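Labels below follow one simple rule: chain letters A, B, ... track the order of the sequence lines, proteins then strands, and each chain is numbered from 1. Predicted model, so just to flag it, every value in this text is computed and none were measured.
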Amino acid sequence: MANEDKLGKIRHSMAHVMAEAVVQKFPGTKVAIGPAIDNGFYYDFDLPVTLTLEDLDDISTRMKEIINGKHEFKRKVVSRDEAEKIFSDLGENYKLELLKAIPEGEEVSLYSQNTFTDLCRGPHVENTAQLNPDSFKLLSIAGAYWRGKETNPMLTRIYGTAWENPKQLRLHLKHLEEMEKRDHRKLGKELDLYSTHEEAGPGLVYWHPYGSRIRLAIEDYWRKEHYKNGYELLYTPHLGKAWLWQTSGHLGFYNESMYSPMEVDENDYYIKPMNCPFHIMIYKTDIRSYRDLPLRWAELGTVYRYEKSGALHGLLRVRGFTQDDAHIICTPGQVEDEILEVLRFSLNIWKAFGFSDIKAYLSTRPEKSVGDQDMWDKAIVSLQKAIEIEGLDFEVDEGGGAFYGPKIDLKIKDALGREWQMTTVQFDFNLPERFDMTFVDHDGREKRPYMVHRALLGSIERFFGVLIEHYGGAFPVWLSPVQVAVIPVAPAFNEYAEKIGALLKENDIRADIDLSDNRMNAKIRNFQKKKVPYMLILGEKEASTDSVSLRLRTGKQTNAIPVSEFIEQTLGKIKNKELI
RNA sequence: GCCAGAGUAGCUCAGGGGUAGAGCAACGCUCUCGUAAAGCGUAGGUCGUGGGUUCAACUCCCACCUCUGGCUCCA
């Protein structure tokens, strides 16, 4: 898109202007790379000082001056030797390294504006006059490894956002504010949904009563759908002896994500980072016929993985989580249908939770991998076919598969347009081999089944985090921890409130009855802050006519609804998974 | 794990080398109330943990833990 190109040029040019400002302000700074990114730009610096947030203001001010100076962006093609001389004179060793990485035969170009020259392929705007000094903002300072490698030195990265005009900038800043408001960590506290505890172990989630109510609603629905779609549900242990993990290969290739073993009766036991080996143990308790296949076995399996401390993030990145895992074991001939079925099933579930903007990513064979080429090719074809039949947008991630098989990942877009990787459907050519899984085919011969791993929601914890942000805490009725708040207008009507509350509970509606000595207005405010979808206000009028006065969290109110009608209506909304 | 910033009452936050402050919440009393906060009062903190400097540290210094923004990694 032409517009995107234009913004890209603006952002990339902003990065250069920022680099100039930083180099001017902090002589001795070496510059690394500074690309345009979604919504803005960044630039990585090797600075002689550490930056503070106040420095960003100074840098912005200097940037505005540079922009207002109406400097031309000049492009110059130079020979490698010339470029090398320029950057070694400047002492820009990062640029020299980048220069060396440019393939032979490719043009080496420099871009200069005002006092700053950068090794850059461009393109840029023609003149800083085309940048608006009031449509960018420097946002944050962060550390970043040179070229993204952990062993390389840590550089200082400054992130900024830049737009064509101040209005667009304002809109974007508002969007950022909205994201902050919906942050699941903030809402998790405000709505009393979950907590984590440093003294009890970081990255481990404690589900509070209201969070648990939501989780139960999710899991109940999940189980029902799985039974409906031909799955059996399993429960398996949390620990397994080293033998299991040796056989599966996890001790070899997954060791650094696993918790240290504990010794029991002179054996090493490991807490599970994955559920698959356990499902395979169940598979191997019997001789399986082709008539038994496909087997679809699902489990809400809680796993523990060691994550680097800096990687932990609210519910989205934790050390203990429950996967909505399943393994499909089938004949090679069945696999195509099974994949299609998984995809279809998955899309239905996403729809029920209110997500319909979904994109698929197909990952193919990486260099280091197991299994013969023919199997890989066929598997990839069946994955792609399924994506196409379901009419999903997709991208191919060449070589992005696991070493044991190709996969489809689904990324879902939330209400704010952010993509989250949740569903994963992965072929496994490794475990059936390692565990010597077999089935007896038509011809009486033992053959190797295909195995497909899949997680729909991914993990309950992460899904919950995304769900909170998607709805901004205002969950659809069927998921709301409190579906109905019952509020008497005065203590004299407590009895009627209790009667109505009991009736709701009898009908499996989650109701909280507020008999505190708060005034009615305060009660409404409290429930409003908890984003309870329905509030029933009960006083003389209602008690005498066996009715309720309904207030929605939107503020809308309807008076004198007969009790039975309200219950029926609410049950209908729950069943149809309506927002409110 | 790495770079930077932060950690003060249940929550949100102020303060600052001389014995710790507000609002909300909690608790008690009064009020008996019609669609987003009634009034008054009481209680609540080894100022993240450990060490150091100092007559004196919540404040300054060091180490560690955790959180936040990133990098790396990923459900």
Query raised in the report: Within the modelled atom types, does a donor on one side and an acceptor on the other bring the side chain of A:Arg147 and the base of B:C71 under 3.5 Å apart?
Result: no
Query raised in the report: To the nearest angstrom, how far is A:Ile524 atom CD1 from B:A36 atom P?
Result: 6 Å
Report summary line: From the candidates B:C33, B:A36, B:G69, the one with an atom nearest any side-chain atom of A:Gln528 is B:A36
Report task. Going by the ring pair (Phe, Tyr, Trp, His ring centres under 6.0 Å) test, name the single residue among A:Phe253, A:Tyr259, A:Phe278 that passes it with A:Trp245. Result -> A:Phe278
Report task. Can you tell me, in whole Å, how much space there is between the P of B:A6 and that of B:G16? Result -> 15 Å
Query raised in the report: A:Arg185 CZ to B:C11 P: how many Å, rounded?
Result: 16 Å
**Report entry** A:Arg551 vs B:A36: side-chain N/O to OP1/OP2 distance below 4.0 Å
**Finding:** yes
Query raised in the report: So, does the side chain of A:Gln426 form a donor-acceptor pair with the base of B:A75 at under 3.5 Å?
Result: no
Query raised in the report: Over how many whole Å does the gap from A:Ile141 atom CD1 to B:C71 atom C1' extend?
Result: 15 Å
Requested in this report: Rounded to whole angstrom, note down the P distance from B:C47 over to B:A36.
Outcome: 42 Å
Report summary line: Checking B:A75, B:C33, B:C71 against the side chain of A:Ala490 (C-beta onward), the nearest is B:C33
Query - For B:G1, the Watson-Crick or wobble counterpart (both distances under 3.5 Å) - result: B:C71
Query raised in the report: Is A:Arg157 touching bases, backbone alone, or none of the nucleic acid, heavy atoms closer than 4.0 Å?
Result: sugar-phosphate
Query - Polar contact flag, side-chain donor to acceptor under 3.5 angstrom, A:Asn518-A:Arg525 - result: no
**Report entry** Atom-pair distance (CG on A:Asp514; P on B:U35), nearest Å
**Finding:** 16 Å
Query raised in the report: To the nearest angstrom, how far is A:Leu47 atom CG from B:G70 atom P?
Result: 19 Å
Report task. Would you indicate, yes or no, if B:G34 has its OP1 or OP2 atom less than 4.0 angstrom from a side-chain nitrogen or oxygen of A:Lys523? Result -> no
Query raised in the report: NA contact type, A:Gly539, heavy-atom cut-off 4.0 Å: base, sugar-phosphate, or nothing?
Result: base
Query raised in the report: Distance between the C1' atoms of B:C11 and B:A26, in whole angstroms?
Result: 12 Å
Query raised in the report: Closest heavy-atom contact between A:His208 and A:Ser195?
Result: CE1-OG, 2.7 Å
Query - Gap in Å between the two C1' atoms, one belonging to B:G41 and one to B:A25, rounded - result: 16 Å
Query raised in the report: Reckon A:Pro202 touches a base, only the sugar-phosphate, or nothing at all at heavy-atom distances under 4.0 Å?
Result: sugar-phosphate
Query raised in the report: Considering only the C1' atoms, how many Å lie between B:U19 and B:U46, rounded to the nearest integer?
Result: 12 Å
Requested in this report: Would you mind telling me which residue lines up with the more 5' stretch of RNA chain B, A:Leu51 or A:Thr424, judged by nearest nucleotide?
Outcome: A:Leu51
Report task. Check whether the side chain of A:Glu542 and the base of B:G34 form a donor-acceptor pair under 3.5 Å. Result -> yes
Query raised in the report: Taking the P atom of each, how far is B:C13 from B:U68, in whole Å?
Result: 14 Å
**Report entry** Donor-acceptor pair between A:Arg11 and A:Thr161 side chains, under 3.5 angstrom
**Finding:** no
Requested in this report: Any chance you could lay out the ring-ring contact (aromatic ring centres under 6.0 Å, His included) test for A:Phe427 and A:Phe429, step after step, and finish with the verdict?
Outcome: CA-CA 7 Å; A:Phe427 270 83; A:Phe429 299 134; 5.8 Å; yes
Requested in this report: Both distances under 3.5 Å, Watson-Crick or G-U wobble: report the partner of B:G7, or none.
Outcome: B:C65
Query raised in the report: How would you label the contact of A:Asn559 with the nucleic acid (heavy atoms, under 4.0 Å): base, sugar-phosphate, or nothing?
Result: base
Query raised in the report: Taking atom P of B:G1 as reference, at what distance in whole Å does atom CD of A:Glu256 sit?
Result: 13 Å
Query raised in the report: Taking any strand in view, what nucleotide pairs with B:U54 in a Watson-Crick or G-U wobble way, both distances under 3.5 Å?
Result: none
Query - A:Tyr306 side-chain N/O to B:G1 phosphate OP1/OP2 under 4.0 Å - result: yes
Requested in this report: Return the value, rounded to whole Å, for the distance between atom CG of A:Asp517 and atom P of B:C33.
Outcome: 14 Å
Query raised in the report: Reckon A:Gly143 touches a base, only the sugar-phosphate, or nothing at all at heavy-atom distances under 4.0 Å?
Result: base
Report task. State the pairing partner of B:G28; accept Watson-Crick or G-U wobble contacts with both distances under 3.5 Å, and report none otherwise. Result -> B:C40
**Report entry** Residues, nucleotides or ligands: over 12 heavy atoms within 6.0 Å of A:Glu199 CD
**Finding:** yes
**Report entry** Rounded C1' spacing from B:C71 to B:A63 in Å
**Finding:** 24 Å
**Report entry** Upstream residue (5' side of RNA chain B) when A:Thr156 and A:Ala142 are each assigned their closest nucleotide
**Finding:** A:Thr156
Query raised in the report: Would you find more than 12 non-hydrogen atoms of other residues, nucleotides or ligands less than 6.0 Å from A:Glu190 atom CD?
Result: yes
Requested in this report: Would you indicate what A:Glu199 reaches in the nucleic acid, counting non-hydrogen atoms under 4.0 angstrom: base, sugar-phosphate, or nothing?
Outcome: nothing
Report task. Between B:U59 and B:C2, how far apart are the C1' atoms? Round to whole Å, please. Result -> 29 Å
Query - Phosphate contact (B:G1 OP1 or OP2) by A:Ser309 side-chain N/O below 4.0 Å - result: yes
Query raised in the report: Taking A:Asp44 for the side chain and A:Gly34 for the main chain, is one N or O donor matched with an acceptor at less than 3.5 Å?
Result: no
Report task. Ignoring backbone atoms, test whether A:His313 places a side-chain nitrogen or oxygen under 4.0 Å from the OP1 or OP2 oxygen of B:G69. Result -> yes
Query raised in the report: Taking atom C1' of B:A38 as reference, at what distance in whole Å does atom CG of A:Asn526 sit?
Result: 14 Å
**Report entry** Below 4.0 Å: OP1/OP2 of B:C71 and any side-chain N or O of A:Tyr159
**Finding:** yes
Report task. Report yes if at least one side-chain N or O of A:Arg317 is closer than 4.0 Å to OP1 or OP2 of B:C74; otherwise report no. Result -> no
Query raised in the report: Hey, does A:Met535 reach any base, or is it just sugar-phosphate, or nothing, if we go heavy atoms under 4.0 Å?
Result: nothing
Report task. Establish, from distance only, whether the side-chain atoms of A:Tyr210 and A:Asp512 form a donor-acceptor pair under 3.5 Å. Result -> yes
